[in-house]
Amino acid sequence: MIRRTRSRRIIVDGVERKQKYCRVCDIFRAPRSTHCAICDNCVDKFDHHCPWIGQCIGLRNYRLFLLLITLALAFYTCTLTFSVKRIRVQLDAAAGAGLLGLLRSWPGMVALAAFSSVAVWLLACLLAYHVFLAAKNQTSHERQKGRYRSSPNPYDRGVLRNIKDCLFESLPPPRVDFRAVAQPNLMDQQQHLPLTVHSGC
């Protein structure tokens, strides 16, 4: 059996970084890549695995994730504005009814306003956090692990350049050709074992 090294050192913009070997994917991971245990593959510029959309957020879909948060924030802001206006109209029409009377006659509208206000607050915080990360050219995974506490971030190019790169830089082609014909594993060929193929995403 061939014994592989677990890591090697590479230089990124003058800063030495460790490049890890992924035993599951059988590759040296690209800088800033991490193996996702849920998706079971290495993700370029891994940010996090999002349970709401059921996939990893990384290099190729980070700007779409930001767009999703922005559109959701705009939607819930409009919903909250509409709900509050309707509640004010009902309060003005039923003078003296008060909040308790409003809860009896319009419970759905009050619940919608309460839910929308919580959603607006949470989405605004999430969007502000990711704008902060984009301005520093950092991922939430790197921030959580404290990757650049003891050394400078070699990917930080200034706030404006970082945001421009995040939102407008053309993406490289994917490293995996998902339409390619599957090749048998080298170890299976050497041991003359039958090749098993697992379907799935």
Side-chain angles (χ1 to χ4, degrees), residues 2-73 122-183 185-187 198 200-201:
I2 300 170
R3 200 175 180 87
R4 294 184 175 91
T5 56
R6 295 184 60 145
S7 66
R8 63 185 179 190
R9 296 282 179 180
I10 58 170
I11 305 295
V12 177
D13 290 338
V15 178
E16 189 177 272
R17 305 290 301 158
K18 186 195 291 186
Q19 187 178 23
K20 293 183 179 177
Y21 182 80
C22 180
R23 291 181 178 179
V24 178
C25 297
D26 201 24
I27 58 168
F28 274 102
R29 290 196 294 243
R32 308 183 87 179
S33 297
T34 301
H35 187 87
C36 176
I38 300 168
C39 292
D40 196 29
N41 60 4
C42 288
V43 180
D44 229 354
K45 200 177 175 184
F46 178 81
D47 191 81
H48 68 284
H49 182 89
C50 182
W52 303 107
I53 60 175
Q55 62 176 265
C56 286
I57 306 301
L59 175 68
R60 303 191 62 75
N61 62 355
Y62 188 70
R63 63 185 70 166
L64 294 174
F65 175 71
L66 291 178
L67 180 64
L68 174 69
I69 297 172
T70 305
L71 292 177
L73 179 60
L122 290 174
L123 287 167
C125 290
L126 183 63
L127 183 61
Y129 176 66
H130 279 281
V131 167
F132 165 76
L133 289 176
K136 293 181 73 72
N137 200 353
Q138 198 173 20
T139 66
S140 57
H141 184 259
E142 291 168 344
R143 185 138 187 99
Q144 178 192 5
K145 296 285 184 182
R147 294 267 165 93
Y148 308 120
R149 283 188 194 146
S150 58
S151 63
N153 182 354
Y155 308 101
D156 188 1
R157 299 177 180 184
V159 175
L160 293 177
R161 178 74 189 272
N162 289 340
I163 291 175
K164 178 180 168 259
D165 288 349
C166 175
L167 298 178
F168 304 111
E169 185 178 31
S170 61
L171 295 174
R175 294 174 192 259
V176 178
D177 183 7
F178 290 103
R179 297 180 186 271
V181 177
Q183 298 295 322
N185 190 337
L186 184 62
M187 293 299 288
H198 301 283
C201 299

Identify the heavy atoms of [X] and [Y] that sit nearest to each other, and give their distance.
X      : Y      : value
Asp156 : Ala135 : OD1-O, 4.3 Å
Leu66  : Cys166 : CD1-SG, 4.1 Å
Ile69  : Leu123 : CG2-O, 3.9 Å
Arg63  : Asp165 : NH2-O, 4.0 Å
Pro31  : Asp44  : O-OD1, 4.3 Å
Cys39  : Gln55  : SG-CA, 4.3 Å

Can you list the steps and then say if Gln138 with Asn162 is a side chain to side chain donor-acceptor pair (under 3.5 Å)? CA-CA 9 Å; Gln138 198 173 20; Asn162 289 340; over 6 Å; no
Strictly distance-based, threshold 3.5 Å: is any side-chain N or O of [X] a donor or acceptor partner for the main-chain N or O of [Y]?
X      : Y      : answer
Asn137 : Asn153 : no
Glu142 : Thr139 : yes
Asp47  : Ser140 : yes

With heavy-atom distances below 4.5 Å as the criterion, would you say the side chains of [X] and [Y] are in contact?
X      : Y      : value
Tyr148 : Pro154 : yes
Thr34  : Val43  : no
Ile38  : Cys56  : no

Hey, could you give me the [atom1]/[atom2] distance between [X] and [Y], rounded to the nearest 0.5 Å?
X      : Y      : atom1 : atom2 : value
Phe132 : Arg143 : CZ    : CZ    : 4.0 Å
Ser33  : Gln19  : OG    : CD    : 8.5 Å
Leu59  : Glu169 : CG    : CD    : 8.5 Å
Leu68  : Ile57  : CG    : CD1   : 8.0 Å

Would a line drawn from the ring center of Tyr62 to the ring center of His48 be shorter than 6.0 Å?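 Distance test on ring centres: not under 6.0 Å, no.
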Are the aromatic ring centres of His35 and Phe46 under 6.0 angstrom apart? no
Less than 6.0 angstrom from the centroid, inside 45 degrees of the normal: does Arg32 satisfy that with respect to the ring of Tyr155? yes
